[in-house]
Amino acid sequence: MSRVSPGERNLTPPQIAEQFGVAVEKVIAWIRSGELAALNLANRGCHRPRYSVTPDALDAFKRSRQVIPHSGAPTRRVRRKPAGNVREYF
């Protein structure tokens, strides 16, 4: 039987929530929406899911959420002029 290193083990929603600094309910919402692939390891008769996320699925999720910087010149935000009868207090 081969041994699995700790970095290659499947993770549970509470472990992922701690890693990302979010609530467990948020991780479960990602799983239910299909954004994060997971296995349900609960018995068939059990109504409560027992999710397990593979390291590959977590890596794919991270890649899908990665912020890609905008390439090109920075844009200036142009402030709109207020309408004729609007008074601004800032």
Side-chain angles (χ1 to χ4, degrees):
M1 187 162 132
S2 67
R3 297 196 60 92
V4 178
S5 69
E8 296 177 3
R9 287 189 177 163
N10 289 1
L11 299 171
T12 62
Q15 291 169 326
I16 296 169
E18 183 177 337
Q19 182 178 351
F20 286 113
V22 297
V24 176
E25 292 79 16
K26 183 69 175 175
V27 176
I28 292 172
W30 289 334
I31 292 170
R32 289 184 177 158
S33 72
E35 287 183 74
L36 177 59
L39 304 170
N40 183 1
L41 301 179
N43 294 332
R44 288 195 184 268
C46 184
H47 296 287
R48 186 175 183 188
R50 198 173 128 217
Y51 295 121
S52 179
V53 179
T54 64
D56 291 337
L58 190 59
D59 289 341
F61 176 76
K62 288 178 185 179
R63 280 192 305 276
S64 73
R65 290 287 185 125
Q66 185 176 4
V67 176
I68 300 170
H70 175 67
S71 61
T75 58
R76 265 186 72 211
R77 295 187 80 182
V78 178
R79 187 172 177 188
R80 291 188 318 185
K81 294 181 180 177
N85 59 355
V86 175
R87 186 177 298 189
E88 293 187 16
Y89 291 99
F90 57 89

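By convention here, the first residue in the shown sequence is residue 1.
For Glu18, the CD atom sits in a loose shell: 12 or fewer heavy atoms of surrounding residues, nucleotides or ligands are nearer than 6.0 Å. More than 12 heavy atoms of other shown residues, nucleotides or ligands fall within 6.0 angstrom of atom NZ in Lys62. Residue-environment remark: CZ (Arg50) stays at or below the threshold of 12 foreign heavy atoms within 6.0 Å.
We find the CD-OG1 distance between Glu8 and Thr54 to be 11.5 Å, quoted to the nearest 0.5 Å. Atom-to-atom distance recorded for Arg63:CZ and Leu58:CG is 10.0 Å, nearest 0.5 angstrom. Separation of atoms CD1 (Ile28) and OG (Ser33) is listed at 12.0 Å; rounding is to 0.5 Å.
Taking both residues in full, the closest heavy atoms of Ala37 and Ala57 are given as O-CB, 3.5 Å, listed atom of the first, atom of the second, then distance. Scanning both residues, Pro13 and Ile31, for their nearest heavy atoms gives CG-CD1, 4.1 Å. Nearest heavy-atom pair, Pro49 versus Arg32, reported as atom, atom and distance to 0.1 Å: CG-NH2, 4.4 Å.
Below 30°, between 30° and 60°, or above 60°: for Trp30 and Phe61 the angle between ring planes is between 30° and 60°, a tilted geometry.
Between Gln15 and Phe20 the shortest side-chain heavy-atom distance does not fall below 4.5 Å. No side-chain heavy atom of Leu11 sits less than 4.5 Å from a side-chain heavy atom of Ser52. Residues Val27 and Val53 form no side-chain contact, since every pair of their non-hydrogen atoms from C-beta on lies 4.5 Å or further apart.
Between the Asn43 side chain and the Gly45 main chain, no donor and acceptor come within less than 3.5 Å of each other. No donor-acceptor distance shorter than 3.5 angstrom exists from the side chain of Asn40 to the backbone of Tyr51, with no hydrogens or angles considered.
Clustering of Ile, Leu, Val, Met, Phe, Trp and Tyr by side-chain heavy atoms under 4.5 Å joins Leu39 with Leu41.
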